[in-house]
Amino acid sequence: MWAGRADAYARSFAKLCAHPAGALLDAAAVAPGVDVGTRVLDVGTGTGTVAGLALARGARVTAVDADPGMLDLARGNAPGADLHLGTLPDLAFATGTFDATVANFVVNHVGDPRAAVTELRRVTRSGGRVAVTIWPHPASPLHQLWGRVLEAAGAERPATTPSLHPELDFERNSDGLSSLLRESGLADVTCRRLEWSHRADPEDWWSGPANGVASVGLVVTSQTPEMIVRLRQHYDRLIVDYRDEDGLLSLPTAALLAVGRVA
């Protein structure tokens, strides 16, 4: 889903995913002025936004991503971080290595969410915190937009679109995410909803799916050239309601932020 798409992601969804970075680190007790040497692991670092902010707060940061292109961008955004290629649920770190572990919009995309969060807990020391964000269901207007575009154009989803096995899935709401963390062995779990309006250039926002970024990108790029033209036409029509006077989009969205303590 992400291989070879780092630049397209950086132009489009990276700015959206960056919004909760400060709150995510706060939840993991990586506050500004944190003790120098506090060991933070950023899993699924992407372009390195969370890792860079953790460094700025005084932490010693290790960051992991599954895509080499993402790590190339992270090197520029998080200079000083120790970067590694890796994927959940098999992280190449000893048990209890880190004081805090964070995963920003990663649990959304793994094949086994419980195994993934269990691995985040494993590499975090006793008393340390694990904090994660996900996109909730029902979807916010920002995420609903792409479904509306696909439906209006009559686009069909390819049979090869990745999907999570029902037995491995969890409810994408506060109770469901909290239960996932508890079932993975974390204690004192809390979850809260973050809401904001994402500002984006219409061309940048289209460029993500048009270049195959995220699940919707796999759907868009699987279409015929004629259907992609239709998708763009409906996209241009449907974003009118979200345009501000300056021409940028203002898209209401939300995320869930959950944190737990390693007992």
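Because the structure is predicted, anything quoted here is derived from the model rather than measured. Side chains included, hydrogens not; waters and symmetry mates left out as well; all remaining heavy atoms used.
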- Query: Atom CZ of Arg157 and atom OG of Ser222: how far apart are they, to the nearest 0.5 Å?
  - Reply: 9.5 Å
- Common cluster, Val110/Val102, ILVMFWY with side-chain heavy-atom separation under 4.5 Å: no
- Message: Using side chain to side chain contact (heavy atoms under 4.5 Å, CB included), reason through Val106 and His109 one step at a time and then give a plain yes or no.
- Response: CA-CA 6 Å; Val106 173; His109 301 297; over 6 Å; no
- Query: How close do Ala103 and Leu120 get, heavy atom to heavy atom, and via which atoms?
  - Reply: CB-CD1, 4.0 Å
- dist His137:NE2 -> His143:NE2 (nearest 0.5 Å) comes out at 12.5 Å
- Apply side chain to side chain contact (heavy atoms under 4.5 Å, CB included) to Asp246 and Arg199, showing your working. CA-CA 11 Å; Asp246 59 4; Arg199 300 266 292 162; 2.3 Å; yes
- Note on the structure: Smallest heavy-atom separation, Val259 atom then Ala27 atom, equals CG2-O, 3.3 Å
- Side-chain heavy-atom pair Ser197, Tyr242 within 4.5 angstrom cut-off: no
- Query: Any side-chain heavy atom of Leu251 sitting closer than 4.5 Å to one from Pro141?
  - Reply: no
- Query: Mind checking whether His19 and Trp196 have parallel, tilted or perpendicular rings, split at 30° and 60°?
  - Reply: parallel
- Message: Using only atom types and a distance under 3.5 Å, with no angle test, would you say the side chain of Asn104 pairs donor to acceptor with the backbone of Ala21?
- Response: no
- Message: Can you give me the closest heavy-atom contact between Trp135 and Arg172, atom names plus distance?
- Response: O-CB, 4.1 Å
- Task: Apply side-chain contact (heavy atoms from CB on, under 4.5 Å) to Ser207 and list each qualifying residue two or more places apart in sequence or on a separate chain.
- Result: Arg11, Ser12, Asn211
- Item | Within-4.5 Å side-chain heavy-atom neighbours: Pro113 and Ile134 | no
- Hey, does Val50 have a side-chain heavy atom less than 4.5 Å from the side chain of Leu25? yes
- Determine, step by step, whether Leu150 and Val216 satisfy the side chain to side chain contact (heavy atoms under 4.5 Å, CB included) criterion, reporting the C-alpha distance in whole Å, the side-chain angles of both residues, the deciding distance to 0.1 Å, and the verdict. CA-CA 9 Å; Leu150 294 171; Val216 66; 4.2 Å; yes
- Query: Regarding Ser184 and Arg114, is there a side-chain donor-to-acceptor distance under 3.5 Å anywhere?
  - Reply: no
- Query: If Ile, Leu, Val, Met, Phe, Trp and Tyr residues are connected whenever their side-chain heavy atoms lie under 4.5 Å apart, and connections chain through other members, are Leu53 and Leu73 in the same group?
  - Reply: no
- Query: Where do Ala78 and Gly52 come nearest, in terms of heavy atoms and distance?
  - Reply: CB-N, 3.6 Å
- Got Asp72 and Arg75 here, is their nearest side-chain heavy-atom distance under 4.5 Å? yes
- Do Glu119 and Val43 come close enough that some side-chain heavy atom pair is under 4.5 Å? no
- Trp205 and Leu145 have their tightest heavy-atom pair at NE1-CD2, 4.1 Å
- Separation of Met70 CE from Leu85 CG (nearest 0.5 Å): 12.0 Å
- Do Leu177 and Val132 pass the side chain to side chain contact (heavy atoms under 4.5 Å, CB included) test, and can you show the C-alpha distance, the side-chain angles, and the key distance before you say yes or no? CA-CA 9 Å; Leu177 183 58; Val132 304; 4.1 Å; yes
- Query: Out of curiosity, does Val123 fall in the hydrophobic cluster containing Leu180 (side-chain heavy atoms, cut-off under 4.5 Å, transitive links)?
  - Reply: yes
- Check for a donor-acceptor pair, side chain of Gln223 on one end and backbone N or O of Ile228 on the other, with a separation under 3.5 Å. no
- Message: Tell me if a side-chain donor or acceptor on Asp201 pairs with a main-chain N or O of Glu203 at a distance below 3.5 Å.
- Response: yes
- Just say parallel, tilted or perpendicular for the rings of Tyr235 and Trp146, cut-offs at 30° and 60°. parallel
- Give a yes or no on whether Leu194 and Val107 share a hydrophobic cluster (residues Ile, Leu, Val, Met, Phe, Trp, Tyr; joining criterion: side-chain heavy atoms under 4.5 Å apart). no
- Message: Whether Glu151 and Arg148 form a salt bridge (side-chain N of Lys/Arg under 4.0 Å from carboxylate O of Asp/Glu) is what I want to check.
- Response: no
- Query: Which residues satisfy the side-chain contact (heavy atoms from CB on, under 4.5 Å) test with Ala153, sequence neighbours excluded?
  - Reply: Met227, Arg230, Leu231, His234
- Task: Might you point out which heavy atoms bring Asp26 and Ala31 nearest each other, and give the distance in Å?
- Result: OD1-CA, 4.3 Å
- Query: If we only count heavy atoms from C-beta on, is the Asp67 to Tyr9 side-chain gap below 4.5 Å?
  - Reply: no
- Val130-Val30 co-clustered via ILVMFWY side chain contacts under 4.5 Å: no
- Please check if the side chain of Arg121 supplies one atom and the backbone of Ala263 the other of a donor-acceptor pair under 3.5 Å. no
- Item | With Leu41, the side-chain contact (heavy atoms from CB on, under 4.5 Å) member among Val61, Leu91, Asp99 | Leu91
- Task: State the CZ-OG1 distance between Phe105 and Thr133, to the nearest 0.5 angstrom.
- Result: 4.0 Å
- Query: What is the distance from atom CG of Leu186 to atom CG of Leu181, rounded to the nearest 0.5 Å?
  - Reply: 5.0 Å
- Lys/Arg N to Asp/Glu carboxylate O, Arg182 vs Asp175, below 4.0 Å: no
- Taking C-beta and beyond as the side chain, do Trp206 and Ile239 meet within less than 4.5 Å on heavy atoms? no
- Step through the shown structure and confirm whether more than 12 heavy atoms of other residues, nucleotides or ligands are within 6.0 Å of CD on Glu183. yes
- Between atom OG1 of Thr47 and atom CG of Leu71, what is the distance when rounded to the nearest 0.5 Å? 11.0 Å
- Step-by-step side chain to side chain donor-acceptor pair (under 3.5 Å) determination, Asp65 to Thr45: CA-CA 6 Å; Asp65 202 274; Thr45 190; over 6 Å; no
